[in-house]
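The following block contains the structure, expressed as structure tokens.
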Amino acid sequence: MALWSGRFEEGVNEFTQRFGASLPVDKQLYAQDIAGSKAHAAMLARQGVISDEDAQAIDAGLTAIQNDIEGGNFVFDINNEDIHMSVESVLTKNIGDAGARLHTGRSRNDQVATDTRLYMKARAADLMRANVALRQALVEQAEKHFDVILPGYTHLQHAQPVLFSHHMLAYVWMLTRDFERLRAAYKAADANPLGAAALAGTTYPLDRFQTTAALGFDHPIPNSLDAVSDRDYLLDLIYACSVSSMHLTRLCEEIILWSSAEFGFITLSDSYSTGSSIMPQKKNPDFAELIRGKSGRVIGDLVALLVTCKSLPLAYNKDLQEDKEGAIDAADTLHDCYVCAAGMIATMTVHPEAMMAQAKKGYLAATDVADYLAKKGMPFRQAHEVVGHLVLLCDKRGCDLDDLALADFQAESDLFEADITECLNLEAIVAARTTYGGTGHEAVRVQMAEAKEALACDEAAAARLG
Ligand code: ARG
């Protein structure tokens with residue numbers, strides 16, 4: 001019998017019952033549903049709306065249900081539309097009238113919003129911890145291969161030499177920003193809708209501040225209509241997941257390229273690679289590809305919820321039942337991608353000689369040679385032209401800039417002197433980039449300290465969230 005059977009002469013049929021149910025998804029919220037109900041019952045008793053005996057019976061009954069669910073002894077009956085009705089109907093069956101008093105001054109509209117917010121706070125905190133672990137793995141590789149030089153690219157063409165540590169730290173900063181987005185999503189979820197009831201609040205003397213404190217929310221939501229219809233906190237979380245997932249596609253794309261025979265910059269560990277069923281020699285970066293591929297679904301989850309919420313009039317509409325599946329999927333997916341990427345990065349082998357060999361190709365010193373002339377007074381545009389001629393000469397001879405004789409340089413400009421060789425040394429080229437945020441060793445050491453400080457701060461913040 002449905003909880004609203006009083007007004008109805010007929011029930012829905014089996015198909016529509018199943019079609020209308022959210023239980024297969026929201027049963028994951030059982031712990032939050034029970035916590036919310038306990039807080040509501042305790043508050044009702046303190047406000048004199050129900051008796052202390054009823055509140056105690058409700059509390060004990062809910063604990064028993066939680067034990068049953070966790071022990072695998074709870075029957076989820078699809079005739080109950082959702083987790084809220086499942087728990088309440090079994091509670092009432094088990095403890096009688098006290099159970100039937102639990103829903104006083106409450107609606108599933110504020111109940112579902114409460115449960116989902118509690119659940120998403122926990123998920124955001126999990127994601128923040130997994131984000132920190134991935135940053136840790138990147139920092140460790142950066143420290144281990146601090147001095148290694150590889151070609152920096154623009155347009156995927158050799159551009160200027162950079163430190164491997166600098167390259168890894170670029171990803172650490174992306175993920176540091178992702179952490180902030182996750183923190184913002186946590187904050188957005190951290191407000192209590194309970195007590196808004198169906199949409200308008202209730203006539204019972206509910207104390208919303210009591211349930212706010214009991215459930216660990218930051219504050220009660222100030223508008224009952226907004227409380228039951230706001231899903232921004234889910235959008236914020238899926239957006240945070242989407243951006244971070246996109247960042248992982250960039251990292252994984254490089255892992256895939258770097259592990260190819262053409263680059264040979266890294267070797268993935270066997271535990272993060274797979275073979276081929278037909279080609280015995282194959283070692284494929286499947287997991288990096290999978291992380292890259294999963295971003296499609298996460299970003300799809302964001303678009304799906306944006307469209308679901310679009311044009312919805314206040315307050316609750318059943319459309320909103322579609323909100324949880326995508327948000328849970330986005331959080332699950334990104335979490336597992338973080339874990340997988342962290343393991344893959346921590347276990348990969350870096351090949352400094354292969355990186356260096358590539359850095360020696362493609363005239364990576366050209367900008368520095370032009371700067372050499374500019375520092376001696378030649379206007380930079382003119383210096384650019386002179387070095388362009390030298391590169392063309394190398395191209396024709398099939399050599400690199402450091403194969404040219406001093407006379408070759410001097411034939412283009414008499415500003416060149418013997419010290420030009422210093423401009424051709426990759427180590428020196430890198431080290432000279434001393435500006436804050438540059439790839440010079442000293443600058444990267446400063447940056448590394450900052451990245452590690454942010455990491456330690458975020459690790460502590462995520463741990464405090466429990
Ligand atoms: N199963 C519903 C959901 O997830 C719970 C709220 C139902 N409220 C209602 N007025 N039908 O959205």
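Everything numeric here is computed off the predicted structure, so don't read it as measured data. Numbering starts at 1 and runs along the sequence shown. Atoms within a ligand are numbered from 1 in the order they appear, just like the ligands themselves.
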| task | Could you find the nearest protein heavy atom to atom 2 (C) of ligand 1 and give me its residue, atom name and distance? | result |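 The answer is Gln321 OE1, 3.2 Å.
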| Just checking, Arg135 and Phe179: is the charged tip under 6.0 Å from the six-membered ring centre and within 45° of the axis? |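 Yes, a cation-pi geometry.
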| query | Would you say Lys324 contacts ligand 1, with heavy atoms under 4.0 Å as the rule? | reply |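 Yes.
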| said: Check this for me: does any side-chain nitrogen of one of Glu459 and Arg129 sit under 4.0 Å from a carboxylate oxygen of the other? | reply: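 Here Glu459 does not pair with Arg129 in a salt bridge, since their nearest N and O are not under 4.0 Å apart.
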| task | For the pair Asp329 and Arg297, find out whether any cationic side-chain nitrogen is under 4.0 Å from an anionic carboxylate oxygen. | result |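 Yes, this pair counts.
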| message | Starting from atom 8 (N) of ligand 1, what is the nearest protein heavy atom, named by residue and atom, and what distance separates them? | response |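 Protein heavy atom with the smallest distance to atom 8 (N) of ligand 1: Asn109 OD1, 2.8 Å.
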| For ligand 1, which atoms have a heavy atom of Ser22 less than 4.0 angstrom away? | 1 (N), 4 (O)
| request: Could you list the atoms of ligand 1 found under 4.0 angstrom from a heavy atom of Glu81? | output: 1 (N), 2 (C)
| So, are Asp270 and Lys283 salt-bridged, with charged N and O less than 4.0 Å apart? |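 Yes, this pair counts.
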| said: So, regarding Asp26 and ligand 1 (criterion: nitrogen or oxygen to nitrogen or oxygen, under 3.5 Å), is there a contact or not? | reply: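 In fact, backbone or side chain, Asp26 has no N or O that close.
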| Within-cut-off N or O pair, Lys318 and ligand 1, under 3.5 Å |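 Between Lys318 and ligand 1 (N or O atoms, distance only) the closest approach is not under 3.5 Å.
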| message | Please list the nearest protein heavy atom to atom 11 (N) of ligand 1 with its residue and the distance rounded to 0.1 Å. | response |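 Closest protein heavy atom to atom 11 (N) of ligand 1: Arg108 NH2, 3.4 Å.
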| said: Looking at Arg181 and Asp178, is any side-chain nitrogen of the basic one under 4.0 Å from a carboxylate oxygen of the acidic one? | reply: yes
| message | So for ligand 1, is His84 a polar contact partner (N or O within less than 3.5 Å, distance only)? | response | no
| said: On the six-membered ring of Tyr233, is Arg117 placed so that its NZ or CZ lies under 6.0 angstrom from the centre and within 45° of the ring axis? | reply: yes
| Is the closest basic N to carboxylate O distance between Glu442 and Arg445 below 4.0 Å? |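 Answer for the salt bridge query: yes.
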| request: Return yes if some donor-acceptor pair links the side-chain N/O of Asn80 with the main-chain N/O of Phe76 below 3.5 Å, else return no. | output: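 Side chain of Asn80 to backbone of Phe76, a donor-acceptor pair under 3.5 Å: no, none is there.
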| message | Could you identify the single nearest non-hydrogen protein atom to atom 3 (C) of ligand 1 and state the distance to 0.1 Å? | response |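 That would be Tyr316 OH, 3.3 Å.
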| Any idea which atoms of ligand 1 are less than 4.0 Å away from a heavy-atom of Asp82? |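 Answer, ordered by atom number: 1 (N), 2 (C), 5 (C).
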